[in-house]
Trainee: 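This is the structure I have questions about; it appears just below.
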Amino acid sequence: MDLQIAVRLVLATLNAIGFMLVRRAVSRRFGRPTGLMYVLLTCSQFHLPFWMGRTLPNMFALFPVNLSFYALYNRAPQSQSPTRKRVDVAFALLTFTAIVFRSEVALLLAPLAIQTLLLRHTSLLRLIKAGFLSGLFSIALTVVVDSYLWNQWPLWPELYGVYFNVFQGKSSEWGTSPGYAYFLSHLPKLLLGSLPLAVVGAVSDTRIRALIIPPVIFIGLISGLGHKEWRFIVYVVPLFNIAAARGARWMISRRKGSIFGQMMFVAVMATLAVNCAITIASTCASMANYPGGSTLAKFNNQYTDQHAVHVHLSNLAAQTGASLFLQSHSPPYIPPIPAPATGDWVYNKTEGLSLHDITTPTSLTHLIAESSAEFVETGRWKLAGSVRGFSRWKLNLPRGGIAKLLEVPLHQWLSILEMEMSDKLYILERAK
């Protein structure tokens, strides 16, 4: 667990540095007040701060993508284009990211490249050269490193991912969403109040309109894939936040002596307040929404002195925090850290096991399951513990409904919204 925290802190720090560089570019290009609004909007959103330390390929990709944005947009307010060297760096980074970390970044690279060529920020030959050299280096790096790590030669994971998900269409096995899901569902969840502010920014500043055209095209392109997740479009959130910051800056710069100016100021402050409220509620719910990690940590402590443990982890456990970092009683072990005395455990995540496969005599000694009754009823398993997790939010309105809210003392307002918990995972051990 300590190693997991350290790894996540390192990744979160790298991504924080990326956001800081984007903020610096925003301040230089659009002014310090816009840079401040960019910080407030980004920090008051839920998904990016909460996820930027997760060891997902998307979060690894986020840092070089932000570096490319910094290279493209870090220039003076009146500058018509970045230097050609900066353009080379930006597209080399995007090429590297698409080849090594996440192939969908290529769908963002394409509209950015077309826009750069149309605006004559670079030449076609120079752009091809930067992409070709970066591509050769990236392919060599990912094949050598990933082939070694996966013990399979040769291996290019992202190329295999494209073949599996796009050409074979296997991504649909994880569920599909309608074509408008990114625009009407995922993007509003990611941006919160930044979405309407981005529209204001695009209307009020021609530079912003040019800035958000590539991310909008990117979302349109990736919407063609049936399987959709918000993390596939997370890379464009900084660009929309830049547009939103510019819109917020325009609104709060209206003359405060007029009713319109006062309304604009209140609207921006209210947007930030709503962002913070949603983020606080989402964070509280998410902290209680990883029963897999909590259950596996509890299991490790509960049976820490027992040898030859063979535990099966259900899909829900594996998807909610029961990661390899928590498999502390099985190898591999880091050389400086001594191995535990009971280092002979087996953590089994085999999918598709039926009740018969689990209940018949096998080497399994314990289960972390999503239900307990069906196993206990067989007489071969007994309940050894359970872990609760987030269920839903519940409103505790006073008698008289919403009309009576104003009569509730201020210190009791926090109790109006209550988080309900329920048992999510169960620890079972084989009956003797």
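In this chain, numbering begins with 1 at the start of the sequence shown. Computed from a prediction, not measured in an experiment: that's the story for all the values here.
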Trainee: Can you tell me which residue among Thr95, Ile114, Thr97 is in a side chain to side chain contact (heavy atoms under 4.5 Å, CB included) with Leu109?
Mentor: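 Only one option passes, and that is Thr95.
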Trainee: Using the ring centroid of each side chain, check whether Phe96 and Phe101 are separated by less than 6.0 Å.
Mentor: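 Yes, close enough.
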Trainee: I need the Ile233 CD1 to Phe183 CZ distance, nearest 0.5 Å.
Mentor: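 Going from CD1 on Ile233 over to CZ on Phe183, the span is 8.0 Å.
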Trainee: Just do the side chain to side chain contact (heavy atoms under 4.5 Å, CB included) check on Asp146 and Trp156 with the steps written out, would you?
Mentor: CA-CA 7 Å; Asp146 288 307; Trp156 178 359; over 6 Å; no
Trainee: With the side chain counted from C-beta on, respond yes when Trp250 and Val203 share a heavy-atom pair under 4.5 Å apart, and no when they do not.
Mentor: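 No, side chains not in contact.
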Trainee: Take atom CG in Leu184; do more than 12 heavy atoms of anything else shown fall under 6.0 Å from it?
Mentor: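 Enclosed: over 12 neighbouring heavy atoms sit under 6.0 Å from CG of Leu184.
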Trainee: Can any side-chain N or O of Thr304 pair as donor or acceptor with the backbone N or O of Asn301 at less than 3.5 Å?
Mentor: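 No; judged by distance alone, with no hydrogens or angles, the pair does not exist.
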Trainee: So if I apply the ring-ring contact (aromatic ring centres under 6.0 Å, His included) rule between His329 and each of Trp345, Tyr303, Phe299, which one comes out positive?
Mentor: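 With His329 as partner, Trp345, Tyr303, Phe299 yield a single ring-ring contact (aromatic ring centres under 6.0 Å, His included), made by Trp345.
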Trainee: Does Gln115 form a side chain to side chain contact (heavy atoms under 4.5 Å, CB included) with Leu118? I'd like the steps, not just the answer.
Mentor: CA-CA 5 Å; Gln115 184 186 56; Leu118 291 176; 5.7 Å; no
Trainee: Any side-chain heavy atom of Trp393 sitting closer than 4.5 Å to one from Met419?
Mentor: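 Of all side-chain heavy-atom pairs linking Met419 with Trp393, at least one is under 4.5 Å.
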Trainee: Rounded to the nearest 0.5 Å, how far does OG of Ser328 lie from CD of Gln4?
Mentor: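 Separation between the atoms: 11.5 Å.
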Trainee: Within the distance-only criterion (no hydrogens, no angle test), does the side chain of Arg207 pair as donor or acceptor with the backbone N or O of Arg29 below 3.5 angstrom?
Mentor: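 Checked: pair present.
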Trainee: Starting from the C-alpha separation in whole Å, work towards a yes-or-no answer on side chain to side chain contact (heavy atoms under 4.5 Å, CB included) for Tyr235 and Arg102.
Mentor: CA-CA 11 Å; Tyr235 324 106; Arg102 291 298 302 185; 3.2 Å; yes
Trainee: Do the non-hydrogen side-chain atoms of Glu158 and Ile99 ever get within less than 4.5 Å of each other?
Mentor: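 Answer no - side chains too far apart.
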Trainee: Restricting to pairs with a member in residues 235-249, which pass salt bridge (Lys or Arg N to Asp or Glu O under 4.0 Å), not counting sequence neighbours?
Mentor: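 Listed once each, the pairs are Asp205-Arg246.
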Trainee: At their closest point, which heavy atom of Ser27 faces which heavy atom of Gly35, and how far apart are they?
Mentor: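 Minimum heavy-atom contact is OG-CA, 3.5 Å.
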Trainee: Once you round to the nearest 0.5 Å, how far does CZ of Arg32 lie from CZ of Arg23?
Mentor: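 Interatomic distance, Arg32 CZ to Arg23 CZ, rounded to 0.5 Å: 7.5 Å.
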Trainee: Any chance you could measure Leu313, atom CG, to Lys349, atom NZ, to the nearest 0.5 Å?
Mentor: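 So the CG of Leu313 and the NZ of Lys349 are separated by 6.0 Å.
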Trainee: Do Ser194 and Gln45 pair up side chain to side chain, a donor and an acceptor below 3.5 Å, judged on atom types alone?
Mentor: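 Side-chain D/A pair, Ser194 to Gln45: present.
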Trainee: Does Asn348 reach the side chain of Val311, with side-chain heavy atoms less than 4.5 Å apart?
Mentor: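 Heavy-atom side-chain distance check fails, nothing below 4.5 Å.
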Trainee: Got a sec: does the NZ of Lys129 have more than 12 other heavy atoms crowding it under 6.0 Å?
Mentor: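 No, NZ of Lys129 has 12 or fewer neighbouring heavy atoms, counting only those of other groups under 6.0 Å.
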Trainee: Take atom CZ in Phe60; do more than 12 heavy atoms of anything else shown fall under 6.0 Å from it?
Mentor: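 Enclosed: over 12 neighbouring heavy atoms sit under 6.0 Å from CZ of Phe60.
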Trainee: Please check if atom CE in Met421 has more than 12 non-hydrogen atoms from other residues, nucleotides or ligands closer than 6.0 Å.
Mentor: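 More than 12 within 6.0 Å, yes.
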Trainee: Going from CG on Leu41 to CG on Leu191, what distance comes out if it is rounded to the nearest 0.5 angstrom?
Mentor: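 It is 9.5 Å, given to the nearest 0.5 Å.
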Trainee: Kindly indicate whether the side chain of Leu324, heavy atoms from C-beta on, has any atom under 4.5 Å from the side chain of Gln327.
Mentor: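 Answer yes - side chains close enough.
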Trainee: Carefully, step by step, assess Tyr182 and Leu187 under the rule side chain to side chain contact (heavy atoms under 4.5 Å, CB included).
Mentor: CA-CA 6 Å; Tyr182 280 131; Leu187 194 61; 5.7 Å; no
Trainee: Using a cut-off of 6.0 Å, state whether more than 12 heavy atoms not belonging to Glu420 lie near its atom CD.
Mentor: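 Count over threshold, so yes.
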Trainee: With a 4.5 Å heavy-atom cut-off, do Phe69 and Val26 have their side chains touching?
Mentor: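 Counting from C-beta outward, Phe69 and Val26 never come under 4.5 Å.
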Trainee: So, for Tyr160 and Trp150, is the gap between ring centers shorter than 6.0 Å?
Mentor: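 Between Trp150 and Tyr160, which both carry aromatic rings, the centre distance is not below 6.0 Å.
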Trainee: Look up atom CD in Gln306 and atom CG in Asp344, then write down how far apart they are to the nearest 0.5 Å.
Mentor: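 Between Gln306 CD and Asp344 CG, I get 10.0 Å after rounding to 0.5 Å.
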Trainee: Please work out which of the three classes, parallel, tilted or perpendicular, describes the rings of Trp51 and Trp230, given edges at 30° and 60°.
Mentor: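 Because their plane-to-plane angle is over 60°, the rings of Trp230 and Trp51 count as perpendicular.
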Trainee: Quick check: do Leu48 and Leu62 have side-chain heavy atoms less than 4.5 Å from each other?
Mentor: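 They are in side-chain contact.
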Trainee: My understanding is that only one of Asn300, Leu326, Val387, Leu316 makes a side chain to side chain contact (heavy atoms under 4.5 Å, CB included) with Thr295; could you say which?
Mentor: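 So the option named by the test is Val387.
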Trainee: Around Arg84, counting heavy atoms of other residues, nucleotides and ligands shown, do more than 12 lie under 6.0 Å from its CZ?
Mentor: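 Enclosed: over 12 neighbouring heavy atoms sit under 6.0 Å from CZ of Arg84.
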Trainee: Can you confirm whether His310 sits close enough to His366 that some side-chain heavy atom of one is under 4.5 Å from a side-chain heavy atom of the other?
Mentor: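 No - every pair of side-chain heavy atoms lies 4.5 Å or more apart.
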Trainee: Using modelled atom types and a 3.5 Å cut-off, is there a donor and acceptor pairing between side-chain atoms of Ser286 and backbone atoms of Ser282?
Mentor: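 Answer holds: yes.
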Trainee: Judged by atom type as modelled, is there a donor-acceptor pair below 3.5 Å linking the side chain of Asp423 to the main-chain atoms of Ser386?
Mentor: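 No, the answer is negative, given that no donor and acceptor are paired below the 3.5 Å cut-off.
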Trainee: Quick one: does any side-chain atom of Ser204 pair with a main-chain N or O of Gly201 as donor and acceptor, under 3.5 Å?
Mentor: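 Here the side-chain-to-backbone pair exists.
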Trainee: Here's one to test your reading of the geometry: is the NZ or CZ of Arg86 within 45 degrees of the ring axis of Tyr73 and under 6.0 Å from its centre?
Mentor: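 Cation-pi check for Arg86 and Tyr73: fails.
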